[in-house]
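See below for the structure under consideration.
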Amino acid sequence: MSAWLNDRIGRRANFILYAVCSIITVILYTQLPIDNTMMLFLGFPLGFFASGIFSGMGPFLTELFPTRMRGSAQGFTYNFGRGLAAFNPFFVGLLSAKLPLGQSIGVFAIIAYGLLIAAALLLPETKGRVLTAEVA
């Protein structure tokens, strides 16, 4: 669904849509007192929206960089973000000394999705961009 939406509404709009839906689901999932049944039902949209964000990463990063540096630039940007995200459990652990664990997870999830929205607003829309090969 997300890959289809990427082509229909654009990369930026899709990133923002899925990030906002993820934020809403994370707030429900981590901030409300829910039982196991509700956790089960909220797990589906949480996974759906969180995973849906990644379907646009490949096309977006491909269209963002010129041919001569595309592979390296894609690998660097994607994995640099993953490297930064690796610190998330550490920061959640630190914050959980002051807040309940669910709220700590929620805070950093909202920060992460907020950064995604900011990046989507600051980076150019690449929907429909024609890719050309550079001949050496």
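I9 and W4 end up in the same hydrophobic cluster when Ile, Leu, Val, Met, Phe, Trp and Tyr side chains are linked at under 4.5 Å. Residues L116 and F80 are members of separate hydrophobic clusters, defined by side-chain heavy-atom contacts under 4.5 angstrom among Ile, Leu, Val, Met, Phe, Trp and Tyr. In this structure, L61 is not a member of the same hydrophobic cluster as L131, with clusters built from ILVMFWY side-chain heavy atoms closer than 4.5 Å. Taking hydrophobic clusters as Ile, Leu, Val, Met, Phe, Trp and Tyr residues chained together by side-chain heavy-atom distances below 4.5 Å, I53 does not share a cluster with L84. Hydrophobic clustering (ILVMFWY, side-chain heavy atoms < 4.5 Å, transitive): V20 and Y29 are in one cluster.
Atoms CG and SG, on L46 and C21 in that order, are 11.5 Å from each other to the nearest 0.5 Å. In this structure, E125 CD and E63 CD are separated by 8.0 Å, a value rounded to the nearest 0.5 Å. Going from atom CD of Q74 over to atom CG of L64 covers 9.0 Å, rounded to the nearest 0.5 Å. Expressed to the nearest 0.5 Å, how far CG of L5 lies from CZ of R11 amounts to 11.0 Å.
Between I16 and L121, the closest side-chain pair of non-hydrogen atoms falls below 4.5 Å. With contacts defined as side-chain heavy-atom distances shorter than 4.5 Å, the pair Y18/M1 qualifies. In this structure, the side chains of R82 and N79 come closer than 4.5 Å at one or more pairs of heavy atoms. Within the 4.5 Å cutoff, side-chain heavy atoms of I117 are placed close to those of I23. The shortest distance between side-chain heavy atoms of S2 and N14 falls below 4.5 Å. Residues N6 and S55 have side chains in contact (heavy-atom distance under 4.5 Å, counting atoms from C-beta outward). Side chains of I24 and F49 form no contact here, defined as non-hydrogen atoms less than 4.5 Å apart.
Heavy-atom minimum distance, T62 versus R70: O-NE, 2.8 Å. Contact detail for F60 and P124: the closest heavy-atom pair is CE1-O, 3.4 Å. In terms of heavy atoms, L42 sits closest to T25 at O-CG2, 3.8 Å. Between G106 and Q31, the shortest heavy-atom distance links the atoms CA-NE2, 3.8 Å. Nearest heavy-atom pair across G93 and S96 is O-OG, 2.8 Å. When all heavy atoms of R8 and K127 are compared, the pair lying nearest together is O-NZ, 3.1 Å.
The number of heavy-atom neighbours closer than 6.0 Å to CE of M38, taken from other residues, nucleotides and ligands shown, is 12 or below. In this structure, D35 places its CG atom where more than 12 heavy-atom neighbours from other residues, nucleotides or ligands lie under 6.0 Å away.
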F41 vs I34, side-chain contact (heavy atoms from CB on, under 4.5 Å): CA-CA, chis, key distance, verdict
CA-CA 10 Å; F41 286 112; I34 58 175; over 6 Å; no
Would you please test L123 and R12 for side-chain contact (heavy atoms from CB on, under 4.5 Å) and show each step?
CA-CA 8 Å; L123 292 168; R12 295 169 98 188; 5.9 Å; no
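With hydrogens and angles ignored, the 3.5 Å screen pairs no side-chain donor or acceptor of S51 with any backbone N or O of F48.
Clustering of Ile, Leu, Val, Met, Phe, Trp and Tyr side chains at separations under 4.5 Å places L101 together with F87, F90, F91, V92, L94, L95, L99, I105, V107, F108, I111, L115.
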